[in-house]
Protein chains: 2
Amino acid sequence: MIDARLITLRVFARCGTIGATAELTGYSPSAVSAQLRELQRVLGMQLLTKDGRGVRLTAAGRYLVSGSDTLIAEWESLRAAAMEAGDQMPARFGLGGFSTAAAQLLAPLAATLRSTRPQLEVQVLEANPARCFDLLVAERIDLAVIVAMQSDTHAEDDPRFEQTVLLDDPLDVIIPSNHPLASRETVTLEELASEPWITEAVGSTYHSLFTAAFTAVGVTPRIAHEAVEWETQIAFVGAGLGVGLLPRLAPLRSAENVVRLRITGKGKPARRIVAAVRRGSIASPLIQESLDILQVRAKRILAARPEDDL
Amino acid sequence: MIDARLITLRVFARCGTIGATAELTGYSPSAVSAQLRELQRVLGMQLLTKDGRGVRLTAAGRYLVSGSDTLIAEWESLRAAAMEAGDQMPARFGLGGFSTAAAQLLAPLAATLRSTRPQLEVQVLEANPARCFDLLVAERIDLAVIVAMQSDTHAEDDPRFEQTVLLDDPLDVIIPSNHPLASRETVTLEELASEPWITEAVGSTYHSLFTAAFTAVGVTPRIAHEAVEWETQIAFVGAGLGVGLLPRLAPLRSAENVVRLRITGKGKPARRIVAAVRRGSIASPLIQESLDILQVRAKRILAARPEDDL
DNA sequence: ATATCTGTGCACAATAGGTGCATGATCGAT
DNA sequence: ATCGATCATGCACCTATTGTGCACAGATAT
């Protein structure tokens, strides 16, 4: 119930340019520009100033955006409580998530909701974690399943979001089936220190996981190749180009000549998968139900694993 | 920046019928109906139920309305702080007030604002205190100068408003100039207990002031006539029909054969004139400036009086 | 300079949102 | 029971807000 133009302003504050705001909110740049102009007119405040070829928030604008955090959170909370008081559900529900891990959690969630609440319009958007947060702010989605980043530790206490840990997904090693270590059950990262590694591009979501895993054990791996998709990476490994890290949740269906090994030793890298919602909305019955479904799913996944992985 | 439909819902919660809501908000009944229907659709909540020939809030609706108090207050507060941070003014400013007293305070305020801030669109609405509160809720006005009612003591701590005492305006007695007491400077209410009194209709704003004044001294006056306008009451008194109470701020220009006397004794009735704003908005620079102007005006009025009246 | 990226103004189109009247439902009074 | 009064709502119609697409202007980097 907070005016859409204020939401737009918040998104702008996050990404800094009209164009990016338009892309994120789904409007055209002209519309965003007009919205912000209208917002200034209605409030009688100057919120933006020209800055080079772009625009920048004024002091009043920054103040408004920073203060709107609690306002939005309070609205979400109110909305959620009213929902609960009336025992009702919203008409639309937007989900966001990234990659295979999210797919394994989000897809079943969406399916369950679709069957139990046929009149609920469920929409799923695939987006990387950073974008998921943006989409939450832009109110395009209501719940996101993402991989918690080390670099995004500040996101933990962001006043705009509330996060719930779903599970820790360990990273495995994949090596060619003709590799000397292929018959092993487990390996340590140290044993693979001299191998040519295949990872994602620098700056990607998983590259930081990769480096974090090796810095933890104190070795510097040699990055031989880069791949974007898991499938590509697996194919590279299968072709004998090197070895790679693969999350346990990522399936290895199409790989005949690739072996997956568990990592042991002090460096047991894992990615933490969490659910994120707008602060305040966590009390909503639909959010609660969704989190429950996700938790059950996560527990089932954990239960199917050997005990040493927890 | 809170959605207009939520404001409408709040007004509805206050007055209970679509028609009254329409009258108060300035919309047509159809528009109010459509707005509330839309609100329910957007929120995915049922907020209203048919109840006889009218409609009634559901549990969710009541919850939403009650919780929106703090939400609105927080928004007003944020808006005010942003205004102050940016050293800026809103484009529109709505004032509300009642009767002569308000006129003597509001008119100068409006005039001052008009001259010092030419681009500010100032609108003044004359309305009785109860309606002023409604207009504040409906966001038709931003500041109201009203007479605090004894019966409305609960309004003191209403979470929707903040009130500032401007001045206490004593009530005088007006009697025909040929009355035995006409040559006196002051009288007590007891001395006039047996006179035929002229007052406003039962249930009106000032009737309760009237009764409160007499219950304070423990006498029961005889109400002979009723008048709505001060001028009418004065004319009645001038015609020798009885005596009446007149606020000090109400001018006595057209009355040749009427005398105004101060009231002494333990019962010194007065009406308290206060300024009311939506909670949170009091920090707004424009509100602050307006309150300052009103306070100065009030002090000037008090200064022009004999000391015994304070 | 030129190319490029920024935001904005304008004509136009879609649609949200308004009014006024007619209709249906309910209640109170005769 | 019946009638009128009172409410809310649906419908036809109209307005104006709001979005799009394109062209354009200012600023920057090469």
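Numbered from 1 within each chain, the chains take letters A, B, ... in sequence-line order.
- For the pair A:Arg37 CZ and C:dT8 P, the computed distance is 7 Å after rounding to whole Å.
- Remark: C1' of C:dT8 and CG of A:Leu39 are 17 Å apart, rounded to the nearest angstrom.
- With a 4.5 Å cut-off on side-chain heavy atoms, A:Leu36 and A:Ile18 count as touching.
- Between the OH atom of B:Tyr27 and the P atom of D:dT15 there is a distance of 19 Å, rounded to whole Å.
- A:Gln88 CD to B:Gln46 CD: the interatomic distance, rounded to the nearest 0.5 Å, is 6.0 Å.
- The existence of a salt bridge linking A:Arg140 and A:Asp134 is excluded, since no basic side-chain nitrogen approaches an acidic carboxylate oxygen closer than 4.0 Å.
- Spacing between atom CD1 of A:Ile18 and atom P of D:dG21 amounts to 17 Å, rounded to whole angstrom units.
- At C:dG17, none of the side-chain N or O atoms of B:Gln35 fall inside 4.0 Å of OP1 or OP2 (strictly under the cut-off).
- Put simply, CG on B:Leu9 is 16 Å from C1' on D:dA8, counting in whole angstrom units.
- Rounded to a whole Å, the CZ atom of B:Arg5 is 14 Å from the C1' atom of D:dT17.
- Taking only side-chain atoms of A:Glu38, from C-beta outward, the nucleotide of D:dT18, D:dT9, C:dG9 with the closest atom is D:dT18.
- Of the candidates C:dG7, C:dC5, D:dG19, the closest approach to any side-chain atom of A:Ala31 belongs to D:dG19.
- Atom CG of B:Asp51 is separated from atom P of C:dT26 by 11 Å (rounded to the nearest Å).
- Between A:Ser33 and C:dT8 there is a side-chain N or O to OP1 or OP2 distance below 4.0 Å.
- Residue B:Arg53 places its side chain closer to C:dT26 than to any other of C:dT26, C:dT8, D:dA8.
- Between the C1' atom of D:dT20 and the CD atom of A:Glu23 lies a distance of 17 Å, rounded to the nearest Å.
- Nearest-nucleotide positions on DNA chain D for A:Ser28 and A:Gly52 put A:Ser28 closer to the 5' end.
- The pair B:Arg279-B:Asp158 does not count as a salt bridge, with every side-chain nitrogen at least 4.0 angstrom from each carboxylate oxygen.
- Under a 4.0 Å N-O distance rule, the pair B:Arg131/B:Glu23 qualifies as a salt bridge.
- Side-chain atoms of B:Ser30 and base atoms of C:dG18 include no donor and acceptor less than 3.5 Å apart.
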